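As the structure is a computational prediction, the values presented were derived from the model and not from experiment. Note: hydrogens, waters and symmetry copies are ignored here, and every other heavy atom, side chains too, is used.
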Amino acid sequence: MYGGHGWAGRYQRRLFVSDVFVVALVMVGAHAARFGWDPLYRVAGRSAPAYSVVSAVIATLWVLALGATKSREPRILGHGPQEFQRVVAAGWWTFAAIAIVGFLTQWEISRGYLVFALPVGTVVLLIYRLVWRKWIHAQRDLGNLRAQVLVVGPVKMSEQMIARLRHKPRAGYAVIGACVPDGTERSVEEVGGVPVLGFVGEAVEIAKRSNAEFVLISGTDQVSLGDARRIGWQLENTGIGLIVAPAMVDVAGPRVLMSPVEGLPLLHVDTAQFRGAKYIAKTIYDRVSAALMLAFIALPMLAVAIAIKVTSPGPVFFVQQRIGKDGSPFGMYKFRSMVADAEAKAADVMGGELTPFYKNEDDPRITPLGRFMRRYSIDELPQLINVLKGDMSMVGPRPQVAAEVAHYGDLERRRLLVKPGMTGLWQVSGRSSLTPAESIRLDAYYAENWSIGGDAIIILRTVAAVLGKSGAY
C-alpha cells in the first residue's frame, strides 16, 4: 500500500492537527451554547457523566472516525468528492455511536447539544478541508505537491493516459516517464512528450531508480495479466503504489461492481438509468429548493430588475427557447444582459453559423450591467422559475438552443437524457474556458453517473467558481 512520499505525509499530519482543532472547538462551542460554561453540568440519567466528559468522548470518537473512514488518505486528497464524502460519513458514524450508547445506558443526552455539535461541526470541517484543498490546488498549479508517476503500457494507450493526467494537474500526478511493451521499436524514444525509460519487464527497477511514487498500468492485451501480476508482486514493500487504469472510461463508482473470478477482477458496469426513485427524489429536491431560494432572494431580484430597467431600454427578462430533456423545447428565463435587439445582431457578431457552446468574452451586445451580472451569474437567477415549473433542474447539463442541438452527434445527445440544470459539472470544472469537446464529455459523464451527493458537491463548487470568477462571461 502506498504510504505517502514527501509532501503527503506532512500534509496528513497538518490535516490531523486541523481536524483535532476544529472538533475540539466545535464541542466546546456546543457545550457553551447549550449549558453555558459550567463544566460539571450532568447528563440526565442514572450514573450519567458530566457533559464535559461526553464532549471529550465525542471529540475523541470523531477524530478516530475521521481516520477510520480514511478521510486523510493521500490518494483522495486534492481531487474528487471522496474526501468530503468520508468527512460526512465520519460525522454520521460518530452520531450513530453516541445514539446507540444513549439508548443502551438510558442517558438522556440533549438533542439540542448533539444537533449543534455534529451537523455544525461537519460543515466547519468541510469548510476547513475546502480551504486546504484550495491551498493544494494553488501549489499544484505551481508544479508542486504532485506524485511522480511511471506509466506502463502500449504506446497509444499511454499517450492518452499521459494527456489526461497533464490536462488535470490538480489531480496531483506528474508523469516522469513511460515503459513500453517488449518488442516495441527502439526508435520510440518518447510517449506523449515524456521519455521512454525502458520496457515493461524493467518497470519496477526503473520506478525505484527514478524515485517514482506510483506505477500506472495503462495496458491492453500487450501488457498481459502475468505482467501486471508480476509488477504487483515486485512492488511489495517498496512504498511505490500501483494504479491500474481500465479501458472503460467515464464510468463512476456507483455504476461499477468488482467481482473477482479466479483472481481476475471483473468490473460489472450497470447500464445508465434515466428514470426511477432517485429521479423522483431529485425532482422533489429541485422544486423545494427553488421555492425556498425564490422566497429568500425575492427582494434582491427586484433590485436587479429595477437596475436593468433604469440602465438600458428593453424588457427586464430575456426568454429564449431552449431544448430540454428528451429534446422538448421550453422557454428559459434570464435577466436581460444584452441590448434589446441582441438576437437580430447575432449573425453579425458570430460571423456565420452558430456552433455548440459558442461564447464570446468581448461580445459587443452585452451591456455594462449585463457584463457585471454575467461575471457573477446573477443573470441566471430567474431560472429558478424554470426549476419550479419542472423544465430544469438545479444541477444538470446547460440547455442549448435548437440551432446548437442540430449539430449534436451521439455523444452530445446523451446530454438530453436528463433535465438541463442551472449549474453543472462543466461549469465547476472550468466554465467557459473549457473547450467544446471537454464540456460535452463532462455533460455526458454527468448524465450517466449523477448522484444526489454529487449534486450537492457541484452546488458547493458552483458558489466557489462564481465567487472566483474563473471563466465566466
### Residue pairs passing the side-chain hydrogen bond (donor to acceptor under 3.5 Å, both in side chains) test where at least one lies in residues 316-327, sequence neighbours excluded
Gln320-Arg322, Gln320-Glu343
### Query
Considering only heavy atoms from C-beta outward, does the side chain of Gln12 approach that of Leu15 to under 4.5 Å?
no
### Task
With the side chain counted from C-beta on, respond yes when Met373 and Val304 share a heavy-atom pair under 4.5 Å apart, and no when they do not.
yes
### Pairwise side-chain contact, Trp62 with Trp93, heavy-atom cut-off 4.5 Å (strictly under)
no
### Query
More than 12 heavy atoms of other residues, nucleotides or ligands under 6.0 Å from CZ of Phe330: is that the case?
yes
### Query
Do the side-chain N and O atoms of Gln139 and Arg146 include a donor-acceptor pair separated by under 3.5 angstrom?
no
### Task
Please say whether more than 12 non-hydrogen atoms of neighbouring residues, nucleotides or ligands are located less than 6.0 Å from NZ in Lys156.
no
### Query
Any donor and acceptor pair, going by atom type alone, linking the side chain of Lys419 with main-chain N or O of Pro397 inside 3.5 Å?
no
### Query
Can you tell if the side chain of Val194 reaches within under 4.5 Å of the side chain of Ile162, non-hydrogen atoms only?
yes
#### Entry: No-hydrogen, no-angle side-chain donor-acceptor test under 3.5 Å, Glu380 and Gln383
yes
### Query
Counting N and O atoms only, with roles assigned by atom type, does the side chain of Ser158 sit under 3.5 Å from a partner on the main chain of Gly153, one being a donor and the other an acceptor?
yes
#### Entry: Closest non-hydrogen atom pair, Ser218 against Pro154
O-CD, 3.9 Å
### Query
Arg86 and Glu73: salt bridge (charged side-chain N to carboxylate O under 4.0 Å, His left out), yes or no, with the steps?
CA-CA 10 Å; Arg86 294 179 187 186; Glu73 169 68 43; 5.4 Å; no
### Query
Is there a donor-acceptor contact under 3.5 Å from the side chain of Asp286 to the main chain of Met394?
yes
### Message
Can you list everything that forms a salt bridge (charged side-chain N to carboxylate O under 4.0 Å, His left out) with Asp19? Sequence neighbours excluded, please.
### Response
Arg72, Arg129
### Message
Has Ser393 got a side-chain atom pairing as donor or acceptor with Gly396's backbone, closer than 3.5 angstrom?
### Response
no
#### Entry: Distance-minimising heavy-atom pair for Pro399 and Met332
CG-SD, 3.5 Å
### Message
Are Pro368 and Thr311 packed together at the side-chain level, in the sense that at least one heavy-atom pair is separated by less than 4.5 angstrom?
### Response
no
### Message
Whether the Asp391 and Tyr333 side chains hold a donor-acceptor pair (N or O, under 3.5 Å, no angle test) is what I'd like checked.
### Response
no
### Summary
Taking every heavy atom of Pro315 against every heavy atom of Ile308, the minimum-distance pair comes out as O-CG2, 4.2 Å
### Task
Without swapping roles, check the side chain of Lys278 against the backbone of Ser451 for a donor-acceptor pair under 3.5 Å.
no
### Message
Which label fits Trp135 and Tyr11: parallel for a plane angle under 30°, tilted from 30 to 60°, or perpendicular past 60°?
### Response
parallel
### Query
Quick check: does any side chain N or O of Ser71 sit under 3.5 Å from a backbone N or O of Leu66, one acting as donor and the other as acceptor?
yes
### Query
Distance from Lys309 atom NZ to Leu369 atom CG, nearest 0.5 Å?
13.5 Å
### Message
Checking the side chain of His137 only, and the main-chain atoms of Gly78 only, is there a donor and an acceptor separated by less than 3.5 Å?
### Response
yes
### Message
Atom CG of residue position Leu299 - does it have more than 12 heavy atoms of other residues, nucleotides or ligands inside 6.0 Å?
### Response
no
### Task
Run the ring-centre check on Trp426 versus Tyr445 and record whether the distance is less than 6.0 Å.
no
### Message
Quiz question: by atom type and distance under 3.5 Å, do the side chains of Tyr279 and Trp450 form a donor-acceptor pair?
### Response
yes
### Task
Test Asp443 against every option in Arg413, Arg415, Arg398 by the salt bridge (charged side-chain N to carboxylate O under 4.0 Å, His left out) rule and name the one that passes.
Arg415
### Query
Above 12 or not: heavy atoms from other molecules or residues under 6.0 Å from CH2 of Trp92?
no
### Task
Return yes if some donor-acceptor pair links the side-chain N/O of Arg287 with the main-chain N/O of Lys389 below 3.5 Å, else return no.
yes
## Note on the structure
For Met422 and Leu384 the tightest heavy-atom approach is SD-CD2, 3.6 Å
### Query
Counting N and O atoms only, with roles assigned by atom type, does the side chain of Asn144 sit under 3.5 Å from a partner on the main chain of Arg140, one being a donor and the other an acceptor?
no
## Note on the structure
Of Val191, Leu150, Val151, the one forming a side chain to side chain contact (heavy atoms under 4.5 Å, CB included) with Val175 is Val151
### Closest heavy-atom pair and its distance - Gly121, Val22
O-CG1, 4.5 Å
### Message
For Arg14, is there any backbone N or O sitting under 3.5 Å from a side-chain donor or acceptor partner on Ser18?
### Response
no
### Message
Give me each pair satisfying salt bridge (Lys or Arg N to Asp or Glu O under 4.0 Å) with a member in residues 291-300, each pair once, sequence neighbours excluded.
### Response
none
### Task
Of all the heavy-atom pairs spanning Gly177 and Leu197, show the shortest one and how long it is.
CA-CD1, 3.9 Å
### Query
Can you tell if the side chain of Leu118 reaches within under 4.5 Å of the side chain of Thr94, non-hydrogen atoms only?
yes
### Test item: Leu125 and Tyr128 side chains (from C-beta on) under 4.5 Å apart, heavy atoms
no
#### Entry: Between Thr367 and Ser312: side-chain donor-acceptor atoms closer than 3.5 Å
no
### Message
Between Phe335 and Phe318 (judged by ring centroids, cut-off 6.0 Å), do the two rings come close enough to count as a pair?
### Response
no
### Task
Report yes if some heavy atom in the side chain of His79 is under 4.5 Å from a heavy atom in the side chain of Arg170; otherwise report no.
no
